[in-house]
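Take a look at the structure set out below.
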Amino acid sequence: MKTLFRNLWLADGALSPLRRAAVLVDGERILGVEPEITASAADRTVELRGRILAPGFLDVHGHSDLSLMARPEGFGKVSQGISCEIMGNCGLSAFPLSRENREHLEELWAQYGTALDWEDFSGWRAALRNRSARLRAEALVGHNTLRAAVAGYENETLSSVQLETMKQLLARELDAGAPGLSTGLLYVPGKFAPPGEVVELMRVVAAHDKIYATHLRSEGNELLESLDETIECALRAGLKKVHISHFKTAGCANWGKLDGALERLESARAAGIRITVDRYPWTESMTQLSVILPGKAGDLDDSSLARLLANAEERQRVAAELAASRPADYWAGVTLVSTRCAKFRGDGGGTIAALAEREQLSPAELVVDLLAADAAGTTAAFRGMSEENLRRILSLPFCMMGSDESARPADDSIGRSHPRGFGSAARFLRRLLDAGSPIEAVVHRMTGLAAETFGLPELGRIEPGKTADFAAFDPEEVDATADFANPHSPAAGVLFTMVGGEFVYRA
Ligand SMILES: [Zn+2]
């Protein structure tokens, strides 16, 4: 089947100025890109009426590892022009699985109703392919999953045998096609890893000429120290490709650190490290609500936390500790996004402060109740990022688009999304176009640059021979419509998305 796209402005992903062109596709591949191609060359013709044809957008930071199996249509992503997502982020990948980590991950992903019947990268990929996922999926090897496969979720220093096993597993997955390694050094068990362990793994990544993407140990109070740690480790390991995930300055006390952070990125680049970042265009983060627990409770994996909070005395103790660790005005900035706790299932979008008042509980007591009912699946959005810093980060020429979300359907059957799950690509475009960036430069960051950075040479360009993944959009209209009240509202101004020569979304 040959398809001709015409009457369009081409943003080819390679930074070339916009130009009028016609694009001919044969099956999965781009056959021709010419100023004019006659309709008789194709079986069907798609008229774009002067809108933009771009390579499909790459979401370089997603978490659809399991959600895409549950709902292979990937609606939240494809409806905003995303054709490919890099998964396995923040240290959390769906492989390698072993007796040590399988039960924990089954619990974490129970809401998706998918049996984890694979062991490695290739098995995970085959499972996704068997479900005919509409979104193209790539996945980094997650350090937390990898470490847990060898040593479980305990606070342990690894033996040299365990470290060697991790390195071999990592090498196996990179050889099988995983584009790199991700860490989530804020989470259990990645937080227990000393820098030396990360250096050893980086050496494996460097030997494969792949990328290391990191959710830093701290994105706030110790942001600069965490960047220093990352760069020092990369230099020690001889690693050239480093990517900082969802780059931010978290907490208003840390907003002044952006200059220092950017200086560190520049000096790393000067030292020969190709350092890149991604960002979702919102100032609220979202993660598991359990990350705010202080002390020992904060070091527990989801199942152990649920066991601890089954005890009423422990619940009281954890709530008291939590209350003491946060200022009273903190809770108005924390919004419940999703939970399987039956009582609060319909309360996504409400702040912890408001919900606690309604329930006549203290905010900390409410949090503990939510976690006792659903430690793994309760997620919240946290206010605490600077609008001005967001603007500056988005303007960096090496900043790509990363939604930090799972692909979800239009309904909330597999949990509610942060609005970034339905609007990141569209808002990334809108904000940068409004700030005066040329269309081809914004598109380049979302496509060609992203594909090159993550080692995907078939993607990200509209050129003969490349894969036929496209996003078509109207540059006047494109924008997110999702917000915390209506997070599953699809983006405006996206005409269609094509993956491997097939329409996966049409407005
Ligand atoms: Zn993360």
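The first residue in the sequence is number 1, and the count goes up from there. Fair warning: this is a prediction, and the values are worked out from it, not measured in the lab. Remember, it's 1-based here, ligands and their atoms both numbered in the order they're listed.
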Subject >> Among the N, O or S atoms of His215, the one nearest the Zn ion (ligand 1) >> reply: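 Going by distance to the Zn ion (ligand 1), the closest N, O or S atom in His215 is ND1.
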
**OP:** Find, among atoms of His246 that are N, O or S, the one nearest to the Zn ion (ligand 1), and state its name.
**Re:**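 Closest to the Zn ion (ligand 1) among those atoms: NE2.
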
Original post:
Which one of Lys77, His61, Arg420 satisfies the side chain to side chain donor-acceptor pair (under 3.5 Å) criterion with Ser403?
Top reply: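 Checked Lys77, His61, Arg420 against Ser403; only one passes side chain to side chain donor-acceptor pair (under 3.5 Å): Lys77.
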
Original post:
Do Ser413 and Asp411 have a side chain donor and acceptor closer than 3.5 Å?
Top reply: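 A pair is found: one side chain offers a donor N or O, the other an acceptor, under 3.5 Å apart.
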
Original post:
Heavy atoms, side chains only, cut-off 4.5 Å: are Ser245 and Thr214 in contact?
Top reply: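 SC-SC contact between Ser245 and Thr214 ruled out.
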
Original post:
Does Cys90 put an N, O or S atom under 2.8 Å from the Zn ion (ligand 1)?
Top reply: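 Yes - counting backbone and side chain alike, Cys90 has an N, O or S atom under 2.8 Å.
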
Subject >> Candidates His104, His215, His143 - the one meeting ring pair (Phe, Tyr, Trp, His ring centres under 6.0 Å) with Tyr187 >> reply: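 Testing Tyr187 for a ring pair (Phe, Tyr, Trp, His ring centres under 6.0 Å) against His104, His215, His143 leaves exactly one candidate, His215.
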
